[in-house]
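Numbers for residues simply follow the sequence, beginning at 1.
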Amino acid sequence: MNGHTLYSIGELARRTGATVKTVRFYSDCGLVPPADRSPAGYRLYDNGAVARLDFVRTLRDLGLDLAAIRKVLDQELALSEVAAAHADALDVQIRILRLRRAVLTAMARRGVTPEEATLMHQLAQLSEVERQRLVGDFLDAAFSGVGTGSMFAGIMRSMTPELSDNPDTEQVQAWVELAELSQDPDFRALLRHMAEEELAGHIQGATPALHSDLTAIVRDQIAPALAAGIEPVSLQADPIVAVLMTRCAHLLDCCDDAEARCRLLVRLERVNDPRRERYLSLLAVINGWPEPESLRPVLDWAVHALQARIHG
C-alpha cells in the first residue's frame, strides 16, 4: 500500500470506538470494505475506512436504513435528499408518538375502562378528513334543517375544532374528549333545542347567536348580585329577578309571569348544561384560543333564583 497505514479489524474498532462485531458487520455488508488483505488473509483497512465507518455509524444513529446509506456512499442519492426524506418520516413518527403519549396520559388521569381506552385511541388516530367528517356529522345533527341553510353557518364555524398538524399533548387530549362529547346523543339534542329556540326568537335580518344575547343579559344582571353576595333565594334578589324577566321578555314570547319564569328557567338550564361549557373550553384549547369566560356562576344564580320563585 506504498507506506499507507493499514489497520486490522480490531485496530479499526479501537480507533472508532466501535465493536469488532460492528466493524465486521459493516464490512460484510460492503459499507466499509477492506483496503487490502494480510498475507494470512485478514482484512486490513486504511484511514479512509475510519472516516467511512464514522459516517456510516452517524447515519445509522440518525435512523437511516442500510439501503439508503449504501446509495449515499455509492453517490446514487445525495445526502441532502436522503436527509430531507428521513426528516419528513421522523415528523410523522413524532406526531404518532405525541398522539400515543397524549392518549396514555389521558387514560392514566381518567381511569378509563378498556372500551373507553379503545375509543380514545381510535379518536386520536383519525386522519384530518375523518376528523372533519366526525365534526361535520355532529354539527349537522345539531343545526341541519333548522332555519335556512346558511342561518347557523357562522355558529357552526365558530364551533369547529381545527387540530394543528403538530398538536401538543393538551390539544390532543382536548380533541379526544371533544370528539367523545360530540358523539353524545343527548348533547346533540340539547344543541338542537337551543338552535330551535334561537330560531323561534330570531329577529329578521339579525344573525343567530345561539343564546349569546340571553347569556349576556344574565351576566350583566346577575354579576353585580354575585359580587355583592346576594343570595338567589333572598328577598334582596326579588328586584334583580324582576329586572331579569323584563330584559328577557322579548326572548320568551309569553305575557304570563308564571309561564315566562318557567320558560326562562328551561332555557337557562339548557344553556347552563355543563357539557356546553366544557365543549367551548375544549374547543379553545384545540384551536389555541383564549379560555372562554365561565358563565356557570351567574347561570347557577339565575337558575336557583327562578326555581325558588316557581316552586315556592
Colleague: Taking distance alone, no hydrogens or angles, what donor-acceptor pairs closer than 3.5 Å link side-chain atoms of residues 72-86 to residues at least two apart or in another chain?
Modeller:
{"residue": "His86", "atom": "NE2", "partner": "Leu62", "partner atom": "O", "Å": "2.7"}

Colleague: Do the side chains of Leu134 and Gln183 get nearer than 4.5 Å, heavy atoms only?
Modeller: yes
Colleague: Should Ile310 and Ile222 be regarded as members of a common hydrophobic cluster, given that ILVMFWY residues are connected when their side-chain heavy atoms come within less than 4.5 Å of each other, either directly or indirectly?
Modeller: yes
Colleague: According to the side-chain hydrogen bond (donor to acceptor under 3.5 Å, both in side chains) rule, which pairs have a member within residues 51-71, sequence neighbours left out?
Modeller: none
Colleague: Inspect the contact between Arg309 and Asp238 and indicate whether a charged nitrogen and a carboxylate oxygen are less than 4.0 angstrom apart.
Modeller: yes
Colleague: So Ser8 and Tyr45, do their side chains get closer than 4.5 Å, heavy atoms only?
Modeller: no
Colleague: Hey, could you give me the CH2/CD distance between Trp301 and Gln221, rounded to the nearest 0.5 Å?
Modeller: 10.0 Å
Colleague: Any donor-acceptor pair under 3.5 Å linking the side-chain atoms of Glu115 with those of Thr118?
Modeller: no
Colleague: Would Asp273 and Arg278 pass as an ion pair if we require N to O under 4.0 Å?
Modeller: no
Colleague: Examine the side chains of Tyr7 and Asn47 and answer whether a donor and an acceptor come within less than 3.5 Å of each other.
Modeller: yes
Colleague: Step by step, work out the salt bridge (Lys or Arg N to Asp or Glu O under 4.0 Å) result for Glu11 and Arg15.
Modeller: CA-CA 6 Å; Glu11 290 170 334; Arg15 289 183 65 86; over 6 Å; no
Colleague: Are Phe138 and Phe143, when compared by the centres of their aromatic rings, separated by less than 6.0 Å?
Modeller: no
